[in-house]
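As structure tokens, the structure follows; a few thoughts come after it.
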Protein chains: 2
Amino acid sequence: MSQFFWPAPFQNVKNINKHAVLDLIRFTPGGVSRAELALRMDLSRAAMTAIVNDLLENNVIRETESRNKQSGRPPIILEINPARGFVIGIDMGATHLTIALTDFSARVVDEIEIPFDITQGPRPCLAQAEALLTELLEKNDMKLSQIMSIGMGVPGPIVSKEGMVVSPPIMPGWDGYPIRKDMESKWNIPVSLNNDAELGALGEWAYGAGRGEEHLAYIKVGSGVGAGLLLNGQIYQGSTGSAGEIGHLTIDENGPLCDCGSTGCLEAVSGGKAIARQAREAVASGHRTLLSSMGPPEELTARDVAAAARRGDLASQQIIAKAGTYLGIAIAGMVNIFNPRVVVVGGGVAQIGDLLLQPIRDTVQRRSLVGAAKTVKINTAVLRRRSSTMGAVVQALSIALHQIAEKKGGDSLP
Amino acid sequence: MSQFFWPAPFQNVKNINKHAVLDLIRFTPGGVSRAELALRMDLSRAAMTAIVNDLLENNVIRETESRNKQSGRPPIILEINPARGFVIGIDMGATHLTIALTDFSARVVDEIEIPFDITQGPRPCLAQAEALLTELLEKNDMKLSQIMSIGMGVPGPIVSKEGMVVSPPIMPGWDGYPIRKDMESKWNIPVSLNNDAELGALGEWAYGAGRGEEHLAYIKVGSGVGAGLLLNGQIYQGSTGSAGEIGHLTIDENGPLCDCGSTGCLEAVSGGKAIARQAREAVASGHRTLLSSMGPPEELTARDVAAAARRGDLASQQIIAKAGTYLGIAIAGMVNIFNPRVVVVGGGVAQIGDLLLQPIRDTVQRRSLVGAAKTVKINTAVLRRRSSTMGAVVQALSIALHQIAEKKGGDSLP
DNA sequence: TGCGTTTGTCAAGTCTTCTAACATTCTTTT
DNA sequence: AAAAGAATGTTAGAAGACTTGACAAACGCA
């Protein structure tokens, strides 16, 4: 059935088909032929030949060996030309900073991660990112001029158009700081700035657990909790960029105090920080638990709790199950409202695996509508800790590839 | 900034610009000139002349008197040609059935509403709708052949593509019934089927309190409670059509039993049925209340409670305030997750006005994130009881107008 | 080797849009 | 009142994108 309803201001983009073809090639694993592209886009094969030749002249895609089919002339498979250039993906978390260098087919060439503190404010943090990027480039014998674009994620609500965060709950000093403009003028490369959970959703959609899904929610459970939404295959930011900010939903009015000043926030009962706090409390309460033997209580982390739980420690298992149940309540609400086909749970704490996931699934089944709950799949992130970083890479590649494809007449760099 | 990211299967539509122009004309109050259309769509004035002439030849739009501006040649204003035809909008609620007849500019020619019971099942209900439609046409001296299309809303999760409801909580017997196919073959007119809350959102977006907003949530508080979402100017249905089904979110685990079998559902504490139940309980408890003097308790309705509350009855005001507070909790969750610019509260119970709206606003302010809560506007539906009906009309017109515009070479019917 | 099948390309024609000039119709200025 | 200024709408020619229909290319299978 054709679509009859167009929303208000129509966005006219030049060469819209060329860019659509480029994205189909990007996101089809194993590549596609001209004939299949023509079929999927409802264009003639002749038109597709013209479009593809244009992309080939720009060296942004390449032909690979023919693939055998049942009968007929074997198709020539098209794929992104990996050697055409490099991009950078940065995941700036609350407590860690990850930078990845990839080629044009999003294959990771190298990656560095360091501990980090986002509360230092924009200037020191961005300087640290610059230093780490320089280190990564030197280590790989590369110059900044070889990088075509940069994608970055930060743990706060973003208005992408502006390239800055707006009233973030956990990024003191960053409100209104022109992050993107700052980076672009310092590095002289186009930069895309997004929320880290949104990028997690994008990363898992492109290369992970939600590949090609139309509607996808990504829940990032790190030291805090956030969600990213991909609706109709596009990042959904809401009207002020704070869509998916579920970390401070009130889950239990009588729950513990949250950093944000409120009580019983999801983040205060299910985040990594909250899990670590409960571990300390368990040790302090004198119950018999493996956690007591895992070093000084004030240094216990969510990772320790996960390890103890896997070794059968009951107290740890209870802490994790409780966190999962609370997450399940929030996710059930999202499933009811927004009815995605897939919910991907990622972030550091999600690496715990089924011990966390099972209580989430149970709670969602119990509290969601039959229809929505029956079809939703709840999975751990396939890209593990790299979801957001890869999402940043996707955004960086979006800039780089389409910028090159826009140019008329073949460019060099073979 | 241009858009770099296209989702998977690109939908190619013929004459995309022509249809976009048509929609811009439709949804611009007071009409637009060729020059302004060219500006808004980033096309040349020459191209716009060609497109507009095409639409004029089909009689789907018309020119009106020039409008004076500061200086220069006055523009020729274009608008939908109201006399080009008629459409029907049907709002099939749980307890009422409304049918509206409008011209092509969505002006209501006539309208009938009758009490109704959707639990009778598809065959009797659809027969009743047919009878009412026939009555409406006869009353206005019209034949079915003069109707170009029909839009209909029903209170259950819809998969528009299929034209049927899937596992609806309150429409027993309708699951999987081919509603649209049935109507189309019976009436021989194209039919669009949607959820009633979605249509409420669409109606308020097109002609009401959310005119032109990019992101809009519509909360329908009738005998039950539902929500419709308009994201990026498009109805969002989710993967199985049950997006926005908030009526059975658990709000208060210790709350009253709901028809659905669960306890403490939003609908069971805030819907019109729930308000009426609380009124009966208030009378039964022997408290002094105006409600005692409003006829037999078992016939009290939400409308009676509203009337009593407006006359200063404390018990009634408390019932309404409580319903508003619970609605506020659910809406706060939606605001946090979706971050819309406008939330429109409609449906029968919403006609109570500020007595209901103020507790909603207070609760949302208290429980939402600073950023999202600061910018969200919460308003009563401007179209009052007609939101969904007008949304159905919008859908019907989408079919009719674009079908006519698609044709090549002028059609008659002046 | 020939046939069926599918892929990719070419040439001619159609359709859409752009540029650049021009006509139109108003207000403002002289 | 006439001229200048300003914005709208139209026309003609050219550029581009896409389609159709034919054809060449490259495989499996008989």
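Side-chain atoms are counted along with the backbone in the values below, which use heavy atoms only and exclude waters and symmetry mates. To find a chain, count down the sequence lines: A is the first, B the second, and so on, and within it residues start at 1.
For Glu204(A), the side-chain hydrogen bond (donor to acceptor under 3.5 Å, both in side chains) partners at least two apart in sequence or on another chain are Ser387(A). Contacts of Glu214(B) classified as salt bridge (Lys or Arg N to Asp or Glu O under 4.0 Å), with partners at least two apart in sequence or in another chain: none. Checked against side-chain hydrogen bond (donor to acceptor under 3.5 Å, both in side chains), Glu184(B) has no partners two or more places apart in sequence or in another chain. Applying the ring pair (Phe, Tyr, Trp, His ring centres under 6.0 Å) criterion to Tyr236(A), with sequence neighbours excluded, gives His215(B), Phe338(B).
Listed candidates were dT9(C), dT19(D), dT10(D). Nearest to the side chain of Arg45(A) is dT9(C). Listed candidates were dA11(C), dT11(D), dT8(D). Nearest to the side chain of Pro75(B) is dT8(D).
Leu55(A) has its CG atom 15 Å from the P atom of dG8(C), to the nearest Å. Rounded to a whole Å, the CG atom of Asn53(A) is 16 Å from the P atom of dG16(D). The CD1 atom of Ile51(A) sits 8 Å away from the C1' atom of dA17(D) (whole-angstrom rounding). Between Ile77(B) atom CD1 and dA7(D) atom P the separation is 16 Å, expressed in whole Å. Separating the CG atom of Leu43(B) from the P atom of dA17(D) is a distance of 16 Å, rounded to the nearest angstrom. Across the protein-nucleic acid pair, Glu63(A) atom CD and dT7(C) atom C1' stand 12 Å apart, rounded to whole Å. Counting to the nearest Å, the P atom of dA23(C) and the CD1 atom of Ile76(B) are 18 Å from each other. Straight-line distance from the CD1 atom of Ile16(B) to the P atom of dC18(D): 12 Å, rounded to whole Å.
No donor-acceptor pair closer than 3.5 Å links the side chain of Arg386(A) to the backbone N or O of Gly203(A). Judged by distance alone, the side chain of Asn195(A) and the main-chain N or O of Glu198(A) form a donor-acceptor pair under 3.5 Å. Listed for the Arg84(B) side chain is no donor-acceptor partner under 3.5 Å among the backbone atoms of Arg62(B). In this structure, Arg180(A) contributes its side chain and Lys161(A) its backbone to a donor-acceptor pair below 3.5 Å.
Using a 4.5 Å cut-off on side-chain heavy atoms (C-beta onward), Phe104(B) and Asn81(B) make no contact.
At a threshold of 4.0 angstrom between heavy atoms, the contacts of Ala47(B) are confined to the sugar-phosphate backbone, with no base atom among them.
Applying the 4.0 Å criterion to OP1 and OP2 of dA17(D), one finds that Asn15(A) has a side-chain N or O inside that range. When the side-chain nitrogen and oxygen atoms of Asn17(A) are compared with OP1 and OP2 of dA17(D), none of them lie within a distance under 4.0 Å. Phosphate contact (OP1/OP2 of dC18(D), side-chain N/O of Ser44(A), threshold under 4.0 Å): absent.
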query: For every nucleotide of nucleotides 24-30 of chain C, 5' to 3': is a protein heavy atom under 4.0 Å from its base (B), only from its sugar-phosphate (S), or from neither (-)?
result: BBBS---

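Near DNA chain C, meaning a heavy atom under 4.0 Å from it, residues 30-37 of chain A has Ser33(A), Arg34(A), Ala35(A) in order of number.
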